[in-house]
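The model shown is predicted, which means the values in this text are computed figures rather than measured ones. So you know, we letter chains A, B, ... as the sequences are listed, proteins then strands, and number each from 1.
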Amino acid sequence: MNGTPDPGSDSSAGEQLELVRLELKKARARARPGAGPKATARHLPVARVVVNRSALVIDQFFDYSVPVDLDEIAQPGVRVRVRFGARMVEGRREGGNLVDGFLVQRLERSDYPGSLAPLSQVLSAERVLTPALLRLCRAVADRYAGSLADVLQLAVPPKHNRAEAAPSPEPLPAPAAPGPGSWTRYPLGEAFLTALAAGEAPRAVWAALPGGWAGELARAVAAVLASGRGAVVVLPEGRAVAQLDAALLELLGAGRHLALTAELGPEERYRRWLALSRGSVRAVVGTRAAMFAPVADLGLVAVWDDGDDRHSDLNAPFPHARDVLLLRAAEAGAAVLIGGLAVTVESAQLLHTGWARPLLADRAEARRAAPLVRTGSERDQANDAGARAARLPSHAWSVAKEALARGPVLVQVPRRGYVPRLACVRCREPARCRHCAGPLELRDAEGALCCDWCGRPDQDWHCQECGANRLRAQVVGARRTAEELGRAFPLVPVRTSGRGEVLATVPDVPALVVATPGAEPVAEGGYAAALLLDGWALLGRADLHAGEDTLRRWLNAAGLVRSREQGGAVVVVADEGLRPVQALVRWDPAGFAGTELAERAELRFPPVSRMASVTGTSASIEDLLTLIRLPEGADVLGPVAVGGGRPGGRGEGRGGQGGDGRGGQDGLERVLLRVAPGRGAELATALKAAQVAQLVRRSAEPVRVRIDPLDIG
DNA sequence: AGCACGCCGACT
DNA sequence: GTCGGCGTGCTC
């Protein structure tokens, strides 16, 4: 029968041949000398490995034996490849995939009762996963209820052979301690620098003044380098990194620091990462990817503008640069500097608990550095036809017209698509649920009010502040306003900076520079004036952070304007009675953050409480809630239906746009879990355990969990 | 997560 | 009688 093809059964003969070939292949694999039992290292024959599998249910170490030929190279921290998922057949291991991992420890013996598979491969001798980095990644994974492998993926860049083969530069000796520069603007500024240079670990929240922040940050880095320690600085985007990079280059010359940003490309990024890991360079500045940068002898962590949502990583488990750096500082006993023109509520809490000290300028100094800020009413239309065409209040119109004679004028307009929040028609106090203080939403065409957090309806809403019983939803026409503005000043060039194209700088010549928040170019000689338009659209977003975030965006724009002594002026088009507006006019970011914090505490909002969101189908959420062992006093808010999209991303809310399509047409729901301050770790642990239980039992579709969600109303 | 084992319906 | 569904369990 063999070799006599039966006409009509060609295919079956072919299949048999194929089968025979497969069997031969298997036999050869078994007989291959490399696959047989190999001698194991005599000393520390066990290698503990973290495998690169993100699944929560295998978030643990696995032990492998170390073959003699890998004994020397198989040091803690190296990248390895191991066979994972094999099964036992007649006492032999069969199958199993080659997966990447890191060797974390060499041991005399394993506590695993079975026999150990050998390490398959050590990829190189480079010890990329240092003990400190491993501890950090473990802490971050725990804090965010994620797996170690997920965090390692964010923390250790992919291997690049060419970068790894090249030697890193020789380290330079520590520089001399820098002079205080413009830190003299803050009463405690010099003392902070001195402490850094002396090897201490001061912790500060810094309300930076306009002008000079990059130089001030650079001096903080230089001071800690002078103490023989290293520094990590994370900034929200590439243009800010470039500014600090330039300031450091000027202060320290080349070779003592490096910049790490996403746009570098894999080879150069890994080359720089290795320079840090190998101790060639001790200071790094960069965007959020730099938050894990392996700086040895960490002396200082710093975050710039920590309220910017770009500090949140977009990959699971969505760590936030500020919080990762705080974990690092605690671990390393390093100094902390959280700075920005604005002060976040999270920073205010660090001040409130006494964990950090304030680095604030006194009122006179702040007045000197800041531009003159005035409000313009949206109802106060100018008589001038051009102003009417631009729909500008008369004050804004005249300020812009006057300033255009002296230099560029910045016009900040919100991006289209901000979702307005329901607010009192009279005093514009946001409409909140009287049970849990979540934001109220219009859920259906009937106009029924419903809480976005707990889902309770509210038939009889009236304003807590002024007693009015009517609501309004704000409407946005931002982009059009900007276009009309260009027509209103026909002789002036109009430049735009926004989503499509972001300008880094504009020259010191008269021009209208229309920019969306976060995309404002730096004007070389400072803007002569800035108009902050449509404050309502910003303040009216359905977002817990709307007030804080709006003030932050205003401050960042106003901070690019010349000081009041130099004739710099800002007009903010918004109701002067509102707290963010007052804080801008008085240039008092710290005061605003303190008040906001007190209010959050009263309403039990983050960061005074800790929250996590759980998203999934109704059944899977219910299932998770039966499995979870919640910390004492935890609140369960919801579930409520949510629109499509990725709950992990920044899609809805803070800084993002969209967020329409609510109503749960895809069947997804969300609950918010709220715990008392100090119980965040317990909550994360409980969520992870419940998720693992759900995955193991397969009792329902898995849910998605996010700690510190950004998109809560 | 993958991947294999194991026990019940419609087809050669 | 077999091919194949996805429930349950493990991976050093």
Short side-chain N/O contact to dC3(B) OP1/OP2 from R87(A), under 4.0 Å:
no
Nearest whole Å is fine: how far is dG2(B) P from L695(A) CG?
13 Å
Hey, do the aromatic rings of F62(A) and F84(A) have their centres closer than 6.0 Å?
yes
Counting only side-chain nitrogens and oxygens, does R93(A) get under 4.0 Å of the OP1 or OP2 atom of dT11(C)?
no
Select base, sugar-phosphate, or nothing to describe what I58(A) touches, counting heavy atoms under 4.0 Å on all strands.
base
Between dC10(C) atom P and R698(A) atom CZ, what is the distance in whole Å?
11 Å
Grab the CZ-C1' distance between R53(A) and dT11(C) for me, whole Å please.
10 Å
D63(A) atom CG is separated from dT11(C) atom P, nearest whole Å, by 13 Å
For the CZ atom of R79(A) and the CG atom of L103(A), what is their distance to the nearest 0.5 Å?
13.0 Å
Looking across every strand, which nucleic acid part, if any, lies under 4.0 Å from Y64(A) by heavy atom: base, sugar-phosphate, or nothing?
sugar-phosphate
Answer with yes or no whether the side chains of D623(A) and Q694(A) bring together a donor and an acceptor at under 3.5 Å.
yes
Need one value for R83(A): base, sugar-phosphate or nothing, where a base atom within 4.0 Å counts as base even if backbone is also close, heavy atoms only.
sugar-phosphate
Kindly say whether W273(A) contributes a backbone atom to a donor-acceptor pair with the side chain of S277(A) at under 3.5 angstrom?
no
Whole angstroms only, please: what is the CZ-C1' distance between F61(A) and dC12(C)?
13 Å
Whole angstrom value for the distance that separates P of dC5(B) from CE of M88(A)
14 Å
Rounded to the Å, how far apart are F84(A) CZ and dC3(B) C1'?
11 Å
From CD of E94(A) across to P of dT11(C) the rounded distance in Å is 16 Å
